[in-house]
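Scroll down for the structure; my scribbles are underneath it.
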2 protein chains.
Amino acid sequence: MRDSQAAEARPYHHGDLRRALIDAASRLLEAEGPSALSLRAVAREAGVSPAAPYHHFKDKGELLEAVAGEGWTLLDGAIAKARAEAATPADALDEIGVAYVCFARENPAIYRVMYDTARDKEAFPDGMEGNEDSAYCKVRDTFIDAGANPNEVQELELSTTAAWCSAHGLAEMANFKQFQHLKDALGGETAFFRAVFKRLGLAAIRAQD
Amino acid sequence: MRDSQAAEARPYHHGDLRRALIDAASRLLEAEGPSALSLRAVAREAGVSPAAPYHHFKDKGELLEAVAGEGWTLLDGAIAKARAEAATPADALDEIGVAYVCFARENPAIYRVMYDTARDKEAFPDGMEGNEDSAYCKVRDTFIDAGANPNEVQELELSTTAAWCSAHGLAEMANFKQFQHLKDALGGETAFFRAVFKRLGLAAIRAQD
DNA sequence: TGAGCTATCTTAGCGTCGTTCAGATAACAA
DNA sequence: TTGTTATCTGAACGACGCTAAGATAGCTCA
């Protein structure tokens, strides 16, 4: 029941309604879940009429795209942080994987919106290879750091893709009840993630040659 | 614009409306996509009033659960077939993975409903370890066939989980535009799937000891 | 200052949706 | 034949996405 950004700087009519709507959507998303997110509810949360958002977004999908965009930025940051903090490039691969899944677990609703919009567009929204700041490129470069041959482009892309798919799959299923006993046995969710990645070829590049 | 099951055997009021609704939903799902699937549209397709489905399903979610259940049965069958046709147990691991992703690509809407309902329930709907016919158990047993130690239960579960997560991730991203050039370079989508799985630890169990 | 312009926001409304409820209908049991 | 019960319909409610017409208020430039 808070009035969100409504009480802040208000240069003219509402202030930066676009910003306020994205924030309101993110807030509602994590609070109530993706199914409860209606454009009307976002407008209510931001304190404007149901029609107001249409002056800033073509439709509901475009608002969700904006929310997803913020999510990708956050995810890129989490991955960069994990990579920077890892002791060795080889460790970095595992740490990036864990950071990825942890991000998805901590922001489940936004993570879901990120992939819902990606599915609709049938593409990663940050461009992947086209954008050197993208999370994909960070993972790819970490493979190079860990010893992959940067000239074998196709091998490199396949390894990066394989790693990404594993992390996404784990992120989507991490909260399934069937895995609870494994988390308990291994001493926590993060340990479970680590153990799964250990069974995977994230490290295969190291044994390649 | 076909009248679906409406013209078949009709023991009393409508006939087997429950069956007709599930079929109508599956048909609409693949034809129009998940976002276009409304309970009212399903009722229309089946030729009944919007309120009729409520005598067979508690709500829309329960109908989707039934559709998802049929999907899991189909997927289990596809996996069993791939396992049976593989030349060696080691091949079977790769073939199951390819069959899994191909199923998802051929039935994208139903596949999505399968995981949407799974997410809502935070669990695999077929019970996994609890159900020896489940796809999960088939994969796990294939690891045993391929040389995994059946007594190291935890290792076995982690490997199976890792493989499953990879396949799901690939299934969700297989149609992203960014992968088109890899599919072209490798000579088709199936070859792309095979190449990704090759980079993964699906085979790790073979090199374990 | 003030007139006009334009972006912004509101009010009202359309069609659709999920869901409920009272009542009609038809198979079946006695 | 009468009653019981499962099944289906019609009408309705509130919420939704979205649109159109009009009100409002900040900005520009005389």
Side-chain angles (χ1 to χ4, degrees), chain A residues 1 3-25 27-29 31-68 109 113 116-117 120, chain B residues 3-25 27-29 31-68 109 112-113 116-117 120:
Chain A
M1 198 47 90
D3 54 359
S4 98
Q5 273 71 8
E8 292 181 9
R10 185 172 308 184
Y12 45 96
H13 288 178
H14 174 99
D16 192 349
L17 182 54
R18 183 188 159 86
R19 178 75 262 147
L21 288 168
I22 294 175
D23 291 345
R27 218 175 311 130
L28 280 175
L29 216 40
E32 317 279 347
S35 64
L37 188 92
S38 68
L39 241 183
R40 295 176 105 103
V42 172
R44 272 194 301 272
E45 173 84 3
V48 294
S49 80
Y54 288 91
H55 292 271
H56 300 273
F57 302 98
K58 182 168 67 61
D59 54 20
K60 184 183 178 182
E62 203 170 274
L63 170 59
L64 288 180
E65 274 182 41
V67 173
V113 169
D116 282 348
T117 63
D120 289 347
Chain B
D3 54 358
S4 98
Q5 273 70 8
E8 294 180 6
R10 187 173 303 186
Y12 45 97
H13 289 179
H14 174 100
D16 192 348
L17 181 55
R18 183 187 159 86
R19 180 75 261 150
L21 289 169
I22 294 175
D23 291 346
R27 220 175 310 133
L28 280 174
L29 216 40
E32 318 278 347
S35 65
L37 189 93
S38 68
L39 240 183
R40 294 177 104 104
V42 172
R44 273 195 300 272
E45 172 86 4
V48 294
S49 81
Y54 287 90
H55 292 272
H56 299 273
F57 302 97
K58 182 168 69 56
D59 53 20
K60 184 183 178 183
E62 203 170 274
L63 170 58
L64 289 180
E65 275 183 41
V67 172
R112 188 154 168 190
V113 169
D116 282 348
T117 63
D120 289 346

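A, B, ... follow the sequence lines: proteins, then strands. Residue 1 opens every chain.
Following rounding to the nearest Å, B:D16 (CG) and D:dT7 (C1') show an atom-to-atom distance of 13 Å. Across the protein-nucleic acid pair, B:L17 atom CG and D:dT9 atom C1' stand 13 Å apart, rounded to whole Å. B:E62 has its CD atom 11 Å from the P atom of C:dT19, to the nearest Å. Rounded to whole Å, the distance from CZ on B:F57 to P on D:dC8 is 12 Å. Look at CZ on A:R18: it is 13 Å from P on C:dC9, rounded to the nearest Å. Put simply, CG on B:L63 is 15 Å from C1' on C:dC17, counting in whole angstrom units. C:dC17 atom C1' lies 14 Å from atom CG of B:L64, rounded to whole Å.
Checked against side-chain contact (heavy atoms from CB on, under 4.5 Å), A:R18 has the following partners two or more places apart in sequence or in another chain: A:D16, A:I22, A:H56, A:F57, A:A66. For B:A36, the side-chain contact (heavy atoms from CB on, under 4.5 Å) criterion is met by B:E32, not counting sequence neighbours.
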Does the side-chain contact (heavy atoms from CB on, under 4.5 Å) test come out yes or no for B:R112 and B:T117, once each step is laid out?
CA-CA 9 Å; B:R112 188 154 168 190; B:T117 63; over 6 Å; no
Chi angles and distances behind the salt bridge (charged side-chain N to carboxylate O under 4.0 Å, His left out) call for A:D23, A:R19
CA-CA 6 Å; A:D23 291 345; A:R19 178 75 262 147; 2.9 Å; yes
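Along DNA chain C, the nucleotide nearest A:H55 and the nucleotide nearest B:H55 are compared for position; the residue whose nucleotide lies closer to the 5' end is A:H55.
Side chain of A:A52, nearest nucleotide from C:dC9, D:dT9, D:dA20: C:dC9.
Each of A:V67, A:L64, A:L63 was scored for a side chain to side chain contact (heavy atoms under 4.5 Å, CB included) with A:L37, with one residue passing: A:L64.
Between the CG atom in B:L39 and the CG atom in B:L21 there is a gap of 8.0 Å [rounded to 0.5 Å].
An OP1 or OP2 oxygen of D:dC8 is reached within less than 4.0 angstrom by a side-chain nitrogen or oxygen of B:H56.
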Sequence-aligned protein contact record of nucleotides 12-17 of chain D, with B where the base is within under 4.0 Å of a protein heavy atom and S where only the sugar-phosphate is
B---BB
